[in-house]
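Throughout, numbering of the chain's residues begins at 1 and tracks the sequence.
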Amino acid sequence: MRARGHRGAPLGSGNATAAWYRRAAFDSAVMHLSLADDSVVPSHDEIERWIRTIVGAATGAMEVSTIRTSALFPSSAARFREAGFVVADTLELLRAELDDAQVQTSLGSSAGASTPSNVSTVSLRTREFDAAARIDQAAFGRRWGHDAAELDQIRFATPRFQARARVERRGFLRRELVAVAIAGASSEHGYLQRLSVRPDQQGRGHGRALTIDALHWMRRRHLRDCLVNTSVDNGAALALYRSVGFRSMSDRLEVLELDVRDR
């Protein structure tokens, strides 16, 4: 997926592989290294140069202990492993064809048939991104959770996007977020880029409702399919996606880390 918008400090220019780095939201000793196109295979020299740049940019109390990559396809991940990176997480990559019979059945079902009358699916307001980030952090923990700025950046990873939420109405004017989803579209492909459900609200159909909502949005834009990834250890998410009609692809993605303290 090709990214748009600000991702951090640039690492490549000209004919070099485009990449960025930035500090992790909740651990200043961790730097995220993101490729503009995660399927591109950087050279060994590029990776070594990126490491030197990132370590050199961190001084004093803001020293870096770890560099963590974005989710990489196998060929690119192998190049980073050659440079000393190790696997931090393995992600299942799933795809749903929007004209698939199971997907069509899911889209035709009433996802909110048993939803309480005070719960609905709405557009996520910009001023609600702090609340959305709290849900994301609660769902994924400090290591993998996003802050509001990172969620805002995810919106611009594709030319078109929608940010949606499940909310409980608390009176006439107040609403409380219980789940959030960000979906994107590029060319003929859709992407379910983030799906987070507050832990105390999991298992109540919010994730399914937001997934189906995203697929409806993609179908209205005449997209061909939807891609999503999640940790191979996230059994609940995998079960949800497969129940809607997603199928695992042959490739898995990897997030890798490098401990730079001994370099």
Side-chain angles (χ1 to χ4, degrees), residues 1-3 5-14 16-93 133-134 136-154 157 193-194 196 199 228-235 237-238 251-263:
M1 184 190 308
R2 190 166 296 278
H6 178 69
R7 276 187 153 188
L11 285 165
S13 60
T17 303
W20 291 265
Y21 70 96
R22 57 175 172 76
R23 288 193 183 273
F26 305 109
D27 188 345
S28 62
V30 176
M31 283 283 195
H32 285 297
L33 192 167
S34 301
L35 304 185
D37 185 340
D38 295 324
S39 66
V40 168
V41 181
S43 70
H44 177 78
D45 289 343
E46 282 181 313
I47 294 174
E48 289 295 332
R49 184 171 66 251
W50 294 342
I51 294 170
R52 291 194 298 270
T53 299
I54 293 171
V55 173
T59 58
M62 299 294 283
E63 288 185 356
V64 171
S65 65
T66 304
I67 298 175
R68 181 182 300 153
T69 72
S70 52
L72 303 173
F73 282 92
S75 55
S76 183
R79 191 61 56 85
F80 276 88
R81 286 198 298 272
E82 291 171 2
F85 285 74
V86 297
V87 177
D89 196 14
T90 302
L91 306 177
E92 191 89 1
L93 183 61
R134 288 192 292 272
D136 198 77
Q137 294 154 30
F140 290 99
R142 290 177 61 86
R143 186 179 187 191
W144 303 113
H146 291 303
D147 65 6
E150 290 170 335
L151 288 178
D152 189 51
Q153 290 173 13
I154 288 173
Q193 295 165 304
R194 198 65 173 175
S196 309
V228 67
N229 66 68
T230 191
S231 174
V232 295
D233 298 324
N234 193 340
L238 289 169
D251 284 339
R252 285 181 168 181
L253 308 179
E254 290 181 340
V255 177
L256 298 103
E257 291 182 341
L258 176 70
D259 188 332
V260 300
R261 288 171 292 189
D262 297 328
R263 294 178 69 92

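- From Glu82, atom CD reaches atom CD1 of Ile47 across 7.5 Å, with rounding to the nearest 0.5 Å.
- A distance of 4.0 Å separates CD in Glu150 from CZ in Arg22, rounded to the nearest 0.5 Å.
- Annotation: the span from Arg68 atom CZ to Trp144 atom CH2 amounts to 5.0 Å, rounded to 0.5 Å.
- To the nearest 0.5 angstrom, Leu253 atom CG is 9.5 Å from Thr90 atom OG1.
- In plain terms, the two heavy atoms of Ser231 and Leu238 that are nearest each other are O-CD1, 4.1 Å.
- Of all heavy-atom pairs between Ala237 and Thr230, the closest is CB-OG1, 3.7 Å.
- In terms of modelled atom types and a separation under 3.5 Å, the side chain of Thr69 and the main chain of Leu256 share a donor-acceptor contact.
- Remark: side-chain polar atoms of Asp136 are paired, donor with acceptor, to backbone N or O of His146 under 3.5 angstrom.
- Heavy atoms only, all atoms of each residue included: Ala19 and Leu35 are closest at CB-CD2, 3.9 Å.
- Rounding to the nearest 0.5 angstrom, the gap separating the NE2 atom in His32 from the CD1 atom in Ile54 is 11.0 Å.
- Ser76 approaches Pro42 most closely through the heavy-atom pair OG-CD, 3.5 Å.
- Interatomic distance, Glu92 CD to Arg252 CZ, rounded to the nearest 0.5 Å: 4.5 Å.
- Shortest non-hydrogen contact noted between Arg194 and Gly145 is NH2-CA, 4.1 Å.
- Formation of a donor-acceptor pair under 3.5 Å by the Arg79 side chain with backbone atoms of Val41 is not found in this model.
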